[in-house]
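We count ligands from 1, going down the list as the structure has it; atoms in each ligand are counted the same way.
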Amino acid sequence: MIIVMKQGAGKEELKKVTQRIVELGYHPHVIHGETRNVIGAVGDERGKTVLQSLETLPGVESVVPILKPYKLASSEVSRVRTVVDVGRGVKVGGKKLVVMAGPCAVENEEQIVMTARAVKEAGATVLRGGAFKPRTSPYSFQGLEEDGLKLLDTAREETGLAIVTEVVNPKDAELVGRYADILQVGARNVQNFALLKVLGQLGKPVLLKRGMSTTIQEFLMSAEYILSEGNRQVILCERGIRTFETATRNTLDISAVPVLKEQTHLPVIVDPSHATGHASLVPSMSYAAVAAGCDGLIVEVHPDPEKAASDGPQSLRPDDFMRMMTKLKEFAKVAEREL
Ligand code: PEP
Ligand code: MN
């Protein structure tokens, strides 16, 4: 249920309503709007009609049901778009597009620092790089783990870029959270509910990737797991879905961008690298993503893609990334965004 407070309702009235919600066995999530506050009351769907009684409390304007199964992620609960502040001056969901770039995996100091410098020069503000890699084969490179996180920290110190890196296991969340500015949940873990809950409690920004076969509704239910634990800093990422097509690694569901922007207040970014699997296709899909209204991109860049430990074929060389970023500025302008 959404409890809409009257314009000008005070702190005391808000407190009384949240207390009553708790007494009724629900969790209140207060969303401070520009002109009025609303409270999302979430919990057992079966008995939610008891919340209707809140209408009689002072300061309450109305009590309306949230029709979507995802509640806190729904644009019904907040018309104001969420801007995720990841620190280091990076805000995802505002007018400025945020480009995250870097190698699939952190391999060594030279590789990550060199890439960090190159992507920064091209205009990226977040460095990506996996230290814990969720590989399809147990025999593939699994990442440098904590040593990889330390190298990311070195690259951050050198460049001032924020860091996004993946966490694959709930038991590593605290460790990854100590190094990362944004914790990435990969496509294979989008329904790892134990991981999502831990990240909800950790309270750091989360980049949640859509699974290769999750519907948009399932994707938003996964976001809801994080939000319902009290963490509002969730960035959604469309990274391609599995279809019958084999010419590309996945099929970029470009329409997911405007659909998500309608259904949720959370920021949406696009990963054209995992969506296509081929470096030559990354620029055109990046332009398309900006035209579709995304809030940013996450792109794989490697100084020597032939020698990459993972995902070389889809990684851009630094000079190609630079060219793409220059052209992307033009698309950003038409989409009334900045880069
Ligand atoms: C990645 O970002 O390197 C990755 C493994 O992506 P995804 O989870 O989208 O496959
Ligand atoms: Mn990758």
Q: Give a yes/no verdict on whether any heavy atom in Gly130 is under 4.0 Å from an atom of ligand 1.
A: no

Q: Answer with yes or no whether Lys133 contacts ligand 1, where contact means a heavy atom under 4.0 Å from a ligand atom.
A: yes

Do the side-chain N and O atoms of [X] and [Y] include a donor-acceptor pair separated by under 3.5 angstrom?
{"X": "His302", "Y": "Asp311", "answer": "no"}
{"X": "Thr251", "Y": "Asp253", "answer": "no"}
{"X": "Tyr287", "Y": "Glu330", "answer": "no"}

Would you indicate whether [X], at its atom [atom1], is surrounded by more than 12 heavy atoms from other residues, nucleotides or ligands within a distance under 6.0 Å?
{"X": "Glu121", "atom1": "CD", "answer": "no"}
{"X": "Lys197", "atom1": "NZ", "answer": "no"}
{"X": "Lys327", "atom1": "NZ", "answer": "no"}

Minimum-distance protein heavy atom relative to [atom]:
{"atom": "atom 9 (O) of ligand 1", "answer": "Arg239 NE, 2.7 Å"}
{"atom": "atom 6 (O) of ligand 1", "answer": "Lys209 NZ, 3.0 Å"}
{"atom": "atom 8 (O) of ligand 1", "answer": "Ala187 N, 2.7 Å"}

Is it true that [X] and [Y] have a side-chain N and a carboxylate O under 4.0 angstrom from each other?
{"X": "Arg156", "Y": "Asp181", "value": "yes"}
{"X": "Lys209", "Y": "Glu166", "value": "no"}
{"X": "Glu45", "Y": "Lys48", "value": "yes"}
{"X": "Glu238", "Y": "Arg210", "value": "yes"}

Q: List in chain and number order the residues that pass salt bridge (charged side-chain N to carboxylate O under 4.0 Å, His left out) with Asp172, two or more places apart in sequence or in another chain; answer none if no residue qualifies.
A: none

Q. For the atom pair OG1 (Thr159) and CD1 (Ile112), what is the distance rounded to the nearest 0.5 Å?
A. 9.5 Å

Return yes or no for this condition: an N or O of [X] is under 3.5 Å from an N or O of ligand 1.
{"X": "Asp311", "answer": "no"}
{"X": "Pro134", "answer": "no"}
{"X": "His274", "answer": "yes"}
{"X": "Asp271", "answer": "no"}

Q: Give the total of protein N/O/S atoms at a distance below 2.8 Å from the Mn ion (ligand 2).
A: 4

Which atoms of ligand 1 are found less than 4.0 Å from any heavy atom of [X]?
{"X": "Cys104", "answer": "3 (O)"}
{"X": "Arg188", "answer": "7 (P), 8 (O), 10 (O)"}
{"X": "Gly186", "answer": "8 (O)"}
{"X": "Glu300", "answer": "3 (O)"}

Q) Quick check: does any side chain N or O of Lys68 sit under 3.5 Å from a backbone N or O of Ser74, one acting as donor and the other as acceptor? A) no

Q: Report the part of Arg128 (side chain from C-beta onward, or backbone N, CA, C, O) that has a heavy atom under 4.0 Å from ligand 1; answer both or neither where that applies.
A: side chain

